[in-house]
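Working notes, beginning with the structure itself.
Worth saying up front: this structure is predicted, and the values here are computed from it rather than measured. Side-chain atoms are counted along with the backbone in the values below, which use heavy atoms only and exclude waters and symmetry mates. The chains referred to below are lettered A, B, ... by the order of the sequence lines, with proteins before strands, and numbering in each begins at 1.
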2 protein chains.
Amino acid sequence: MIDTEKTKKPRGRPRAFDLEAALTKAEALFHARGYDGVSVANLSEELGINPPSFYAAFDSKAGLFARVLERYAASALPLDRILQPGRDPAEALADLLETAARIYAATPSARGCLVLETVHPSADEVPTTAAEPYRTASHALIRDFVAATRPMRAEPAADLVDVLLSGLSARAREGWDADRLVASARASAKALPAVLAD
Amino acid sequence: MIDTEKTKKPRGRPRAFDLEAALTKAEALFHARGYDGVSVANLSEELGINPPSFYAAFDSKAGLFARVLERYAASALPLDRILQPGRDPAEALADLLETAARIYAATPSARGCLVLETVHPSADEVPTTAAEPYRTASHALIRDFVAATRPMRAEPAADLVDVLLSGLSARAREGWDADRLVASARASAKALPAVLAD
DNA sequence: GGTATTTTGTAGTGATCGATACAGAAAAAA
DNA sequence: TTTTTTCTGTATCGATCACTACAAAATACC
């Protein structure tokens, strides 16, 4: 039996908790209450991990948040699937907005986008700087998708979509239900053809 | 000389600081760093008011924030001036968006809307509930303005404007300059005619 | 002047923050 | 079995949080 990957056991005492399960719970907590709204004591209790084990596994609260963000960004909004090259820009971006609206309102305890909601003002600048790369990556993805067909309109179009996604996320946080949010997403998508026109 | 109002002196030791000036400084601090980002110790130092005087004047940090919000809502975005009855809805709302964009990006240390930015996940729920009345009031004002001419489209139009204002505020927080934000506001306003059409 | 009332500055309160010291327990390696 | 390594739980750390007890100071009223 060949060791595929993580099967080889490390040397010391084995970890007593499931790391992936811990990350999932941590993501739910951060999404529900934000970085500052979740204390290490909260995490320790809800994940069932005592502080020393917590710090051994994640280095710090910021370290855990970084790993949570990484997971979230890879699983939340399937940007690459929606923004398929060759697809009509206006239609694809409208689809993106509507899909985002659905996701943002889907889970009552995790409304909005974890990345977009991690923004100033915050008591701590750690979460904001941790989330920044994902915001710029999302912007770049949208811009490059538009640039393939409308290079001169790529930046303003990406800016507009940034505004709309941020707005949808904020109102999802406010408690809007999926229908209301999706309706607003569709209404806002009507601005897309104009910004994409030469 | 007739006492107009506040001229009649109270009985005890007079207050040693200017209350209005204190509120102005507190507003700047809350706008720059958010409710959770400003501690009572910060306020005490920057306003030059020791904690006992602070609590005698404002009751609590939340009490000060409530008074700051009241001032801000009355002075920030002149909704009533922009949403004049009789004005063309699409044009008035476009004006509102552009004006908001200008204001949100005007002061680098106070980007975005103080009310709208007080919805992002926070350690404390006090600021969010304190700002809620102002958010609903703004929504109602926009809805009623539209209802005067397009009653059936008032709610979805107000929802769309809510999304756009939240989005503009969020991106202003991100550091966008006025030109970029105004351009996005204008682009987003292109969605207004459709949502206002019967 | 004397008294009542309010604000003032000094110096704290207990609670909670993120993060750790320490020693025992559980595994692999020797 | 002994050694080495890593994780475990207990019991904190100093810093900071929002907030106050207390007595002196400063005013208006009598």
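- The CG atom of B/Asn50 sits 16 Å away from the P atom of D/dC19 (whole-angstrom rounding).
- Among the heavy atoms of the strands lying under 4.0 Å from B/Pro51 is at least one base atom, whether or not backbone atoms are also near.
- Just one of A/Arg71, A/Arg67, A/Arg15 meets the salt bridge (charged side-chain N to carboxylate O under 4.0 Å, His left out) condition when paired with A/Glu20; it is A/Arg71.
- Atom CD1 in A/Ile49 sits about 16 Å away from atom C1' in C/dG18, given to the nearest Å.
- Put simply, CG on A/Leu47 is 16 Å from C1' on D/dG9, counting in whole angstrom units.
- Atom NZ in A/Lys61 sits roughly 8 Å away from atom P in C/dA19 (whole-Å rounding).
- Across all strands, B/Val126 comes closer than 4.0 Å to no nucleic acid atom at all (heavy-atom distances).
- In terms of position along DNA chain C, the nucleotide closest to B/Ala16 lies nearer the 5' end than the nucleotide closest to the other residue of the pair A/Ser60 and B/Ala16.
- Counting distance only, with no hydrogens placed and no angle test, the side-chain atoms of B/Arg13 and the base atoms of C/dT7 include a donor-acceptor pair under 3.5 Å.
- The residue A/Phe17 sits close only to the backbone: its heavy atoms come under 4.0 Å of sugar-phosphate atoms, none of a base.
- Within the 4.0 Å cut-off from OP1 or OP2 of C/dC17, at least one side-chain nitrogen or oxygen of A/Ser39 is found.
- If you measure from atom CG of B/Leu19 to atom P of C/dT7, you get 11 Å, rounded to the nearest angstrom.
- One atom, CD of A/Glu45, and another, P of D/dT10, lie 14 Å apart when rounded to the nearest Å.
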**Item:** Residues A/Thr128, B/Glu174; criterion side chain to side chain contact (heavy atoms under 4.5 Å, CB included); working and verdict
**Value:** CA-CA 10 Å; A/Thr128 308; B/Glu174 201 91 348; over 6 Å; no
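- In this pair, A/Phe58 and A/Phe17 present their aromatic rings tilted. The plane angle is within the 30 to 60° band.
- Tested against B/Arg87, the residues B/Thr149, B/Ile82, B/Leu93 include a single side chain to side chain contact (heavy atoms under 4.5 Å, CB included) partner, B/Ile82.
- Comparing D/dG9, D/dC19, C/dG9 by their nearest atom to the side chain of B/Pro52 picks out C/dG9.
- Remark: P of C/dT7 and CG of B/Asp18 are 15 Å apart, rounded to the nearest angstrom.
- Between A/Glu117 and A/Arg111 there is no salt bridge, since no side-chain nitrogen of the basic residue lies less than 4.0 Å from a carboxylate oxygen of the acidic one.
- Rounded to whole Å, atom P of C/dT20 lies 11 Å from atom CZ of A/Phe54.
- Side-chain atoms of A/Arg11 and base atoms of C/dA27 include no donor and acceptor less than 3.5 Å apart.
- Between B/Tyr55 and D/dC19, a side-chain N or O to OP1/OP2 separation shorter than 4.0 Å is present.
- DNA chain D is contacted by both B/Gly12 and B/Asn42; B/Asn42 maps to the nucleotide lying nearer its 5′ end (nearest heavy atom per residue).
- For D/dT8, one of the phosphate oxygens OP1 or OP2 lies less than 4.0 angstrom from a side-chain nitrogen or oxygen of A/Ser53.
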